[in-house]
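Notes follow the structure.
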Amino acid sequence: MIALAGLDLTDKLVVCVGGGGVAERRIARLRAAGARVRVIAPAVTGALAALAAAGDIDWRARAFEAGDLDDAWFCHTATGSASVDAAVVEAAEARRVWCVNAGHGGKGTARLAAETTSGDVMVGVVSTAGADPRRSVAVRDAIAQRLAEGALPLRRRRRPLVGSVALVGGGPGPVDLLTVRARALLAEADVVVHDRLGPTGVLAELGDDVELVDVGKRPQHHPVPQDEINAILVDRAARGLRVVRLKGGDPFVYGRGGEEVLACRAAGIPVEVVPGISSAIAVPSAAGVPVTHRGVAATLHLVNGQDVPSEATLAALRDDTATVVALMGVSALPRFVAAARAAGAPGTRPVAFVENGHTPAQRTIRTTLATAVQDAETHRLSNPAVLVFGEVARADLLLPAAAHAEGVG
């Protein structure tokens, strides 16, 4: 009968008999667990010889002797000889030292589990009916994938002494565009402070005991000021809670993530930033609009559409080889277009408006700088929308023009 146990090998002697490729891989795991490794083998791989030369392992270049196990806590044998491995197991049993027989796992007294970790959680998989490493690895990989997806509970019941804040970029909206790191942090979170846009569907997957704080902004309506958002993050983390600040897009692309980092650091709160897919790139790509394209546009100029266009922005709008992407620019579109035309940007410059990108309601309006304002009014363009100005917005750049309906793609 097999019982799964976690062993603390920190600074404890592990004797490894055999110095081939299998031993090399296993020794790497044992060293990562903090063990002191002694290798008994007439010859070893080049990598193990280098470790021995550096003093990182103790290599004794000779055949195994039973006395090698006298001060060991754990043993691993992988000599390639069934009889030698069996002798090592027998000697280990006589000394009550657990021994892994890599040549025949079912004939050892211990097995190394197929492991995966997520945060401070380690999962090990072993077979109870004879050694079956391929099956164990397959099960381990399936569990690792679920952990990465945030589909398994990872939250610690006891709170850490010090809380933390993670500014997580959620991308343009679909839950499956969240990064692996983002999913893992959400699975561990005690509090999630979230925006209106982004992957809000993931919130339904969180436990009932996770506090959800909606601080979402809408055009001309900011019910929770930024200073108050900062205070919420600091307050919850100061209580020893793990806080995830879930944002749409990327935290540092018009997400005011920098202000939140400064607030946390000023309060002595550990803070990390997890990048996300920016809507400035993801939303146009969902509509078949590449923000750069060889031979068409080699420069990307990203702007806040609410701001008065700077000289750099106006220069980019005049440049046939530049793409200008404006976020949050629907209401200020007439002013933006007027400034561009006054600065000499051609009226024929292609424009694409991508509304509700990455949602079932996504639509694309193709127009030009000369008719952009009129077409936006005609089609009742509304937020959220990403505005793309440049030759990459041509309807026939990646697809035949016939594939698009007039005006709306």
Checklist entry - Can a salt bridge be assigned to the pair Glu355 and Arg380 using a cut-off of 4.0 Å between side-chain N and carboxylate O? => result no

Item to check | Shortest non-hydrogen contact between Ala287 and Arg366, atoms and distance | outcome: O-NH2, 3.4 Å

Checklist entry - Asp85 side chain to Ala102 main-chain N or O, any donor-acceptor pair under 3.5 Å? => result no

Item to check | Any Leu112 side-chain heavy atom under 4.5 Å of Arg26 side chain | outcome: yes

Checklist outcome for this item: Arg318 meets the side chain to side chain donor-acceptor pair (under 3.5 Å) criterion, sequence neighbours left out, with none

Next on the checklist: Any salt bridge linking Arg196 with Asp214? Criterion: basic side-chain nitrogen under 4.0 Å from a carboxylate oxygen.
Outcome noted: no

Item to check | Arg38 (side chain) donor-acceptor with Val15 (main chain) under 3.5 angstrom | outcome: no

Checklist entry - Under the ring pair (Phe, Tyr, Trp, His ring centres under 6.0 Å) test, which residues partner Phe336, sequence neighbours left out? => result Phe389

Item to check | side chain to side chain contact (heavy atoms under 4.5 Å, CB included) partners of Arg181, counting only residues at least two apart | outcome: Thr179, Leu185, Glu272, Val274

Checklist entry - Would Asp141 and Gln145 satisfy side chain to side chain donor-acceptor pair (under 3.5 Å), going step by step from the backbone distance to the final call? => result CA-CA 6 Å; Asp141 289 347; Gln145 180 176 347; over 6 Å; no

Item to check | Shortest non-hydrogen contact from Val324 toward Ala316 | outcome: CG2-CB, 3.6 Å

Next on the checklist: Looking at every non-hydrogen atom in both residues, tell me the closest pair between Ala280 and Leu327 and how far apart they are.
Outcome noted: CA-CD2, 4.1 Å

